[in-house]
Number of protein chains: 2
Amino acid sequence: MPPKRNYGQFCSLARALDLVGERWTLLIVRDLLAGPRRYKDLMDGLPGIGANLLAARLKHLEETGLVKRSNPQFANKAYMLTDTGRKLEPALVALADWGQFLLEHPQGKDLWLAQWNHLALKARFKAEKAAGLDEIYAFQIGDYAYYLWVTNGKLVTGEGRPPKFQCLITMEPEPFIKVFVDGSLELEEAMNSGLLELEGSQEAFQRCLGLFTGEGG
Amino acid sequence: MPPKRNYGQFCSLARALDLVGERWTLLIVRDLLAGPRRYKDLMDGLPGIGANLLAARLKHLEETGLVKRSNPQFANKAYMLTDTGRKLEPALVALADWGQFLLEHPQGKDLWLAQWNHLALKARFKAEKAAGLDEIYAFQIGDYAYYLWVTNGKLVTGEGRPPKFQCLITMEPEPFIKVFVDGSLELEEAMNSGLLELEGSQEAFQRCLGLFTGEGG
DNA sequence: CGGAATCCTCTTCGATACTG
DNA sequence: CAGTATCGAAGAGGATTCCG
């Protein structure tokens with residue numbers, strides 16, 4: 001094994017990039033921030049990575065203590081972040097926040113996964129609008145379920161269906177993208193045509209929308 | 001010119017990394033956050049980059065609107081960040097903050113430049129301790145002068161000697177590293193032995209130190 | 001079938017040499 | 001000083017194969 005390439009600078013940014021600055025690495029962390037993932041799950045969300053590279057990255061992340069394998073007692077073995085790895089979230093949110101202006105409207109043929117909303121929504125979350133709120137908003141986008149829990153002016157997100165919620169939004173990915181991502185479909189229209197199914201409190205849904213810049217999600 | 005490699009994902013983090021995720025790019029941005037820099041300055045602060053790569057990165061950053069060349073009317077032509085580029089600062093600070101645990105004490109033979117303090121100090125700044133303060137702390141580390149301006153609970157940094165200041169710390173890089181970076185020399189001892197020269201208010205200097213985690217800088 | 005190791009080709013990097 | 005040119009070395013990407 002060749003001596004890993006590094007910047008040789010006594011600077012915490014350079015050190016951080018020595019660890020997670022290689023191609024794909026931060027995207028792997030992004031996907032693991034949404035929850036534990038198996039090798040195959042990661043492959044599916046990272047088209048083009050190549051099996052060897054993903055394996056190498058995971059091994060490196062494991063060796064450096066950012067990723068661990070879930071306890072075999074649980075269902076399928078999977079990769080998940082350690083506490084150290086999870087602490088990267090603010091940095092990823094900051095980068096995602098910066099990168100929002102690069103999301104041009106015509107989506108082209110890029111991949112889009114509902115699980116990326118965890119990061120995208122944290123980047124767009126307006127904490128000052130959440131004061132005093134304590135609500136849970138559930139989403140079902142295609143077969144991917146997640147929820148937003150707003151409490152203490154903070155946004156916590158999770159996967160799956162929460163035990164209780166103020167409202168539940170059910171949509172297929174295509175209309176979701178059109179309404180909340182590229183804005184090519186009006187929210188009103190989606191609701192009228194049944195592409196957006198809302199269960200629970202209409203007012204909670206409106207409050208949810210208000211927590212993010214333009215629209216919500 | 002081959003079509004630039006990109007992740008092909010509709011995700012603002014992936015888009016951000018398409019732009020600034022390549023090797024060296026964020027370190028170039030870091031150095032430009034401290035102030036305008038000429039080609040040579042950047043080369044000196046990025047040992048190992050190779051002239052062609054630096055040229056390629058700068059060209060790319062210029063094309064994508066993160067970097068511009070300073071107006072020729074000023075002294076030497078230099079590279080500097082655009083507004084878009086400067087907005088990367090919070091993301092770099094967040095990454096640098098995360099990376100602090102990687103700064104082991106024995107510094108080895110890594111490069112260290114005083115200008116990296118701009119980022120390092122922003123990463124370590126404790127905003128809650130700055131409430132009500134409005135002070136300027138000047139530093140002269142070797143031949144590099146910079147200052148910290150704490151106002152409105154925020155930390156603003158700049159290069160050069162500020163027109164006024166509450167205190168001025170003068171040190172050579174080696175003792176500075178020992179005292180403030182790797183902790184191998186006690187602050188008291190440095191002051192007593194004249195390695196740290198303090199001009200102005202001793203109390204202001206103590207307040208300055210209090211604004212950062214362990215020690216100050 | 002999920003999780004990799006292997007092979008091979010292509011691109012990028014890094015170091016040095018060279019030019020305006 | 002500010003880059004361009006060149007070339008060997010390292011890394012990335014894709015397919016295939018192996019292992020459990």
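All of these numbers come straight from a predicted model, not from anything done at the bench. Reckoned from all heavy atoms, side chains included, excluding hydrogens, waters and symmetry mates.
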- prompt: At what distance, to the nearest 0.5 angstrom, does CH2 of Trp24(A) lie from CG of Leu42(A)?
  reply: 11.5 Å

field: Under-4.0 Å side-chain N/O to phosphate OP1/OP2 contact, Tyr79(B) with dG3(D)
entry: yes

query: Taking for each residue the nucleotide of DNA chain D with the nearest heavy atom, is it Ala51(A) or Glu22(A) whose nucleotide lies nearer the 5' end?
result: Glu22(A)

field: Face-on cation placement of Arg23(B) at Tyr7(A) ring, 6.0 Å and 45° thresholds
entry: yes

message: Nearest to the side chain of Arg69(B), heavy atoms from C-beta on, is which of dC13(C), dG3(D), dC1(D)?
response: dG3(D)

field: Atom-pair distance (CG on Leu46(A); P on dA12(D)), nearest Å
entry: 14 Å

query: Roughly, in whole Å, what's the span from CG in Asn6(A) to C1' in dC13(C)?
result: 15 Å

- prompt: Can a side chain N or O of Arg23(B) be found less than 4.0 Å away from OP1 or OP2 on dG11(D)?
  reply: no

message: Regarding Glu62(A) and Lys68(A), does a basic nitrogen lie under 4.0 Å from an acidic carboxylate oxygen?
response: no

task: Please report, rounded to the nearest Å, how far the P atom of dG3(C) is from the CD1 atom of Ile49(A).
output: 14 Å

- request: Please determine if a side-chain N or O atom of Arg37(B) lies less than 4.0 Å away from the OP1 or OP2 oxygen of dA2(D).
  value: no

Salt-bridge contact Asp44(A)-Lys40(A) (side-chain N to carboxylate O under 4.0 Å): yes

Leu27(A) CG to dG13(D) C1', straight-line distance once rounded to whole Å: 16 Å

query: Once you round it to whole Å, what is the distance between C1' of dG11(D) and CG of Leu53(B)?
result: 13 Å

message: On the nucleotide dT12(C), are OP1 or OP2 found under 4.0 Å from the side-chain N or O atoms that Trp24(B) carries?
response: no

- request: Please work out whether the ring planes of His118(B) and Tyr144(B) are parallel, tilted or perpendicular, with thresholds of 30° and 60°.
  value: perpendicular

message: Distance check needed: dG11(D) P versus Lys59(A) NZ, whole Å only.
response: 14 Å

task: In whole angstrom, give the distance that lies between atom CZ of Arg5(A) and atom C1' of dT11(C).
output: 12 Å

- request: Measure from the side-chain heavy atoms of Ala55(B) and tell me the nearest of dC13(C), dG3(C), dG3(D).
  value: dG3(D)

query: How many Å lie between CG on Asn52(A) and P on dT11(C), as a whole number?
result: 17 Å

